[in-house]
Amino acid sequence: MNQTIFCENLKKFRLSKNFTQEQVANNLNVNVQTVSRWECGTTLPDVLTLPELARLYGVTVDDFYKKNSIAYNNYAQRLAAVYEKTRKPEDFMHCLLEYKKLMHDGVLSMEDKWNYAIIHQWMFEYCKDTAMEWYNTILKEGSDFDENLFYRACACRISFLFAVGKGEEAVRQQKVRAESEPENPKEMDLLIVSYIYADKIEEAYKCFLKAVEKFPDAWELYIHGGEVCGKLEKYDEAIQYFDRAGAIGTPFYDELYCKAMLYEKIGKDKDAYKLYQEIAEKLRKNGFDVEADMAEESAKRLDMKKD
C-alpha cells in the first residue's frame, strides 16, 4: 500500500466535502487527534472504520489507494458509477440499497433521482437480455423433459415479447410453430394466447373454435377460450368453457381461478368469494400453503369490499 497516497486522499476527500476534522471525528465517534494522525500517516484507520469513511466521503474503499480518485456527492453516486462499469446484479443491489437510505432520509438530489432511474434502466436491459436468453434456451431444449412446464414457459415468453415491444414477432413466430405442428393442441393454444395479448380477440375466438373442434379434450384450449369469451362479453359461454376445462382436469385449478376473476369482472363478488375460498382449501390440502394464502387474501379483499 502507498501510505502517502492513502493519507493524501484522506485529506483531499475531507476537504472536497468541506468537512472539518472535528466533523469527521464526530461522524465516526473518534477524537479529532485520531483523524489528524490518519491524515499525517502517524496511524491508520482500522478495517472496520474504512467503509464508514468511504461512505462519508462518497468513495469506495479502493479509492483511498488510487492517485487520481475523486469524491462523489454521496456514496450512492459512487456505487452507481461502479455499477455503470461492471453491470453486475450484485453491484446494482448495493447501489439500490444505498439510494433507499437516501430516500428514507429524504435527501435525494435531482442527480440522485436521475441516477436512480438510470440504474434501473441498466438493470432492465440486463434482465430483458437474460430473460430472452433463457426463454430461447428452453425453446431449443424442447418439451421432452416436462411438457407442462415447457408450454407454460412458452406462454410466459409470449407475454414477455409483448412487454418489450415485440408483440408482432411473437404472433408471427407462434403462427409458424402452430403450422409446423398441426397435431399439437398446445401450439394452437399458444397461438390463441398470442392473439389475446395482441388484442385480436375476434381472431382468437375463431382460432379457438377451430382448435377445440379438432382437439375436444385439450383443457388449455377451454381455459383460453373462456378468457376470450369473457373479453367478448359472452359470459355464460365463458363459464361453460371453464367448467369443461375443469371436467377434463387442470393441473392447478386454473378453471376456478378463471371463473373467480370473471365473476369479479361482472360484479358477482359473492360467487367469486366462494371460489377463492374453495381454491384456498384445495391448495392447502395439497400442501401449497403460500398459494392458499394468496387465494384467501383475494377472498378477504372481496369480503372487505362488501363491508
Side-chain angles (χ1 to χ4, degrees), residues 92-93 96-97 99-106 108 113 116-117 120 123-124 127 131 148-149 151-153 155-164 167 189 192-201 204-205 208 219-307:
F92 168 79
M93 290 305 302
L96 177 67
L97 291 174
Y99 272 117
K100 291 290 186 183
K101 292 176 185 176
L102 294 182
M103 289 179 186
H104 182 268
D105 295 338
L108 281 182
K113 293 172 183 176
Y116 191 70
H120 281 82
M123 177 50 74
F124 168 73
C127 291
N148 185 49
L149 282 178
Y151 284 106
R152 283 184 179 263
C156 289
R157 180 180 181 273
I158 290 171
S159 169
F160 172 73
L161 286 172
F162 274 91
V164 298
D189 179 61
I192 297 169
V193 169
S194 69
Y195 283 142
I196 292 172
Y197 279 116
D199 203 29
K200 297 180 178 180
I201 307 305
Y205 186 61
F208 161 69
W219 67 266
E220 304 96 328
L221 291 174
Y222 292 102
I223 289 294
H224 293 117
E227 184 180 346
V228 169
C229 288
K231 291 180 179 294
L232 293 173
E233 299 185 359
K234 300 174 182 284
Y235 301 129
D236 291 339
E237 191 175 344
I239 295 298
Q240 289 175 12
Y241 291 140
F242 292 147
D243 286 340
R244 175 61 181 152
I248 295 170
T250 63
F252 214 64
Y253 314 116
D254 301 64
E255 78 284 0
L256 298 183
Y257 278 110
C258 291
K259 284 173 66 175
M261 289 187 287
L262 180 60
Y263 282 143
E264 274 197 77
K265 177 183 176 180
I266 62 179
K268 291 187 175 183
D269 290 351
K270 187 175 181 180
D271 292 327
Y273 173 84
K274 290 179 181 178
L275 278 173
Y276 283 126
Q277 291 283 49
E278 181 183 348
I279 292 168
E281 184 180 342
K282 289 177 180 292
L283 288 170
R284 207 171 296 286
K285 185 177 179 181
N286 287 283
F288 296 105
D289 289 336
V290 174
E291 292 82 357
D293 289 342
M294 293 170 64
E296 285 180 350
E297 284 298 318
S298 295
K300 288 177 184 177
R301 172 174 50 78
L302 290 175
D303 201 35
M304 291 173 64
K305 183 178 172 183
K306 177 183 65 178
D307 297 337

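Within the structure, no pair that satisfies the salt bridge (charged side-chain N to carboxylate O under 4.0 Å, His left out) test touches residues 225-240, not counting sequence neighbours. Here ring-ring contact (aromatic ring centres under 6.0 Å, His included) pairs that include residues 256-286, with residues two or more places apart or in two chains, number zero.
When all heavy atoms are compared, the tightest approach of C258 to I223 is SG-CG2, 3.8 Å. Across every non-hydrogen atom of A272 and E264, the tightest pair is CB-CG, 3.8 Å.
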Subject >> K259 vs E278, salt bridge (Lys or Arg N to Asp or Glu O under 4.0 Å): CA-CA, chis, key distance, verdict >> reply: CA-CA 12 Å; K259 284 173 66 175; E278 181 183 348; over 6 Å; no

Subject >> Steps toward side chain to side chain contact (heavy atoms under 4.5 Å, CB included) verdict (I266, Y235) >> reply: CA-CA 8 Å; I266 62 179; Y235 301 129; 3.5 Å; yes

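Residues H120 and L96 form a side-chain contact, since some pair of their non-hydrogen atoms from C-beta on lies under 4.5 Å apart.
Counting only N and O atoms by type, the side chains of Y99 and K113 include no donor and acceptor under 3.5 Å apart.
Listed by chain and number, the residues in a side-chain hydrogen bond (donor to acceptor under 3.5 Å, both in side chains) with D199 amount to none (sequence neighbours excluded). Evaluation of the salt bridge (charged side-chain N to carboxylate O under 4.0 Å, His left out) rule for R244 yields D217 as partners, not counting sequence neighbours. Qualifying side-chain hydrogen bond (donor to acceptor under 3.5 Å, both in side chains) partners for N148, counting only residues two or more places apart in sequence or in other chains: none.
A centroid separation of 6.0 Å or more is found between the aromatic rings of Y241 and H224.
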Please report, to 0.1 Å, the donor-acceptor pairs under 3.5 Å made by any side chain of residues 245-252, with sequence neighbours excluded.
from : atom 1 : to   : atom 2 : distance (Å)
T250 : OG1    : Y253 : N      : 3.4
T250 : OG1    : D254 : N      : 3.3
T250 : OG1    : E255 : OE1    : 2.5

